[in-house]
Amino acid sequence: MSKLVVVDHPLVQHKLSLMRRKETSTAEFRRLVKEIALLLGYEICRDLPTEEVEVETPLEVTKVRMLAGKKLCLVSVLRAGNGLLEGMLDLIPSARVGHVGLYRDPATLKPVEYYYKVPSDIADRQVILVDPMLATANSAIAAVQKVKDSGATEIKYACLLAAPEGVKKFHDAHPDVPIFTAAQDRQLNDHGYIMPGLGDAGDRIYGTR
Ligand code: PRP
Ligand code: URA
């Protein structure tokens, strides 16, 4: 599997473009995050293993394919990750859910941890970490390390936007974890924001600014 998957489906690109616009309202932004999460999730799940099982339709018994292999665990990086989490849970309702509470110190751009709770059997599950923004990647690297420390070995990382600097740093730290994103933007600015980006994802989802 490629280590950076840019999901360039027209629906994803259209929704992302609407989210970038500064006049997009909080309610619309939140709805779009949820919709785009469904579409990203569809792509992330493309390689899930299936097995042949027998079912009985109203007409006859037949062999069909159903999901097999490790169960899934979605892990949201608080708080903006919860926007993506909602849409992904609509797609995979039986997934277990973990939370990593991190915020980025605005001066140092280093992540500060304030919460961590994941299912006790996370080591037996495939993990999909969700956070809309991969900027310096400091938060993502720390979040992946936390779930690895809990025993997870099969991990995918999903975001809306990634900066090239963050992608490189992330892959240097966790070369085994593929990144799924709706777009790779131009660069980081001096404050560690993705350019052109969409601003502060948490503020835009929750209207806190
Ligand atoms: C944002 C975003 C990521 C992080 C990305 O969270 O949701 O977690 O910044 O930046 P980085 O790649 O440079 O670490 P933020 O710290 O603003 O917290 P919030 O989700 O609580 O708003
Ligand atoms: N966090 C955000 O929410 N936006 C950015 O552009 C960078 C970090």
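When a residue number appears, it is its place in the shown sequence, counting from 1. In listed order, ligands and their atoms are each counted from 1. Keep in mind that the numbers below use all heavy atoms, side chains included, and drop hydrogens, waters and symmetry copies.
- Atom 13 (O) of ligand 1 has Thr136 OG1, 2.5 Å as its closest protein atom, hydrogens excluded (heavy atom only).
- A salt bridge does not link Asp200 with Arg209: none of the charged nitrogens is closer than 4.0 Å to a carboxylate oxygen.
- Within the 4.5 Å cutoff, the side chain of Leu72 has no heavy atoms near those of the Leu67 side chain.
- The immediate protein surroundings of ligand 2, defined as residues with any heavy atom under 4.0 Å of it, consist of Arg104, Met133, Ala135, Gly192, Tyr193, Ile194, Gly199, Asp200, Ala201.
- In this structure, Lys148 and Asp176 have side chains that are in contact, with non-hydrogen atoms separated by less than 4.5 Å.
- Of all the heavy atoms of Leu78, the ones lying under 4.0 Å from any atom of ligand 1 belong exclusively to the backbone.
- Taking a distance limit of 4.0 Å, we find that atom 3 (C) of ligand 1 is approached by some protein heavy atom.
- Residues Leu160 and Ile179 are members of separate hydrophobic clusters, defined by side-chain heavy-atom contacts under 4.5 angstrom among Ile, Leu, Val, Met, Phe, Trp and Tyr.
- More than 12 heavy atoms of other residues, nucleotides or ligands sit less than 6.0 Å from atom CZ of Arg104.
- In this structure, atom 14 (O) of ligand 1 lies nearest to the protein heavy atom Ser139 OG, 2.5 Å.
- For Ser139 (side chain) and Pro111 (main-chain N/O), no donor-acceptor pair under 3.5 Å exists by modelled atom type.
- In this structure, atom 17 (O) of ligand 1 lies nearest to the protein heavy atom Asp200 OD2, 3.9 Å.
- Residue-to-ligand polar distances place Ala137 within reach of ligand 1: an N/O pair is separated by less than 3.5 Å.
- Residues Thr26 and Tyr206 form no side-chain contact, since every pair of their non-hydrogen atoms from C-beta on lies 4.5 Å or further apart.
- Distance screen at 4.0 Å: atom 19 (P) of ligand 1 has a protein heavy-atom neighbour inside the cut-off.
- Neither the backbone nor the side chain of Ala201 has a heavy atom within less than 4.0 Å of ligand 1.
- Nearest protein heavy-atom neighbour of atom 10 (O) of ligand 1: Arg104 CD, 3.3 Å.
- Of the protein's non-hydrogen atoms, Asp131 OD2, 2.5 Å is the one closest to atom 8 (O) of ligand 1.
- Residues satisfying the ring-ring contact (aromatic ring centres under 6.0 Å, His included) test with Phe170, not counting sequence neighbours, are Tyr157, His174.
- Considering backbone and side-chain atoms together, Gly202 places no N or O closer than 3.5 Å to any N or O of ligand 1.
- Ranking protein heavy atoms by distance to atom 5 (C) of ligand 1, first place goes to Met133 O, 3.3 Å.
- Within ligand 1, the atoms closer than 4.0 Å to a non-hydrogen atom of Arg79 are 19 (P), 20 (O), 21 (O), 22 (O), numbered from 1 in the order shown.
- On a distance-only criterion, Tyr114 and ligand 1 share no N/O pair closer than 3.5 Å.
- Glu86 and Asn82 are not linked by any side-chain donor-acceptor pair at a separation below 3.5 angstrom, with hydrogens and angles left out of the test.
- The contact set between ligand 1 and Ala80, taken as ligand atoms under 4.0 Å from a residue heavy atom, comprises 7 (O), 20 (O).
- Remark: Arg79 is not positioned above the aromatic ring of Tyr114, lacking an NZ or CZ atom under 6.0 angstrom from the ring centre and at most 45 degrees off the axis.
- Within a 6.0 Å radius of CZ in Arg65, other residues, nucleotides and ligands contribute more than 12 heavy atoms.
- The ligand atoms of ligand 1 that sit less than 4.0 angstrom from a heavy atom of Tyr103 are 16 (O).
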Going through the distances and angles, do Glu165 and Lys169 end up as a salt bridge (Lys or Arg N to Asp or Glu O under 4.0 Å)?
CA-CA 6 Å; Glu165 300 92 325; Lys169 196 164 164 191; over 6 Å; no

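- Interatomic distance, CG of Leu32 versus OG of Ser17, reported as 10.5 Å (0.5 Å rounding).
- Note that the CG atom of Leu134 and the CG atom of Leu161 stand 10.0 Å from one another [nearest 0.5 Å].
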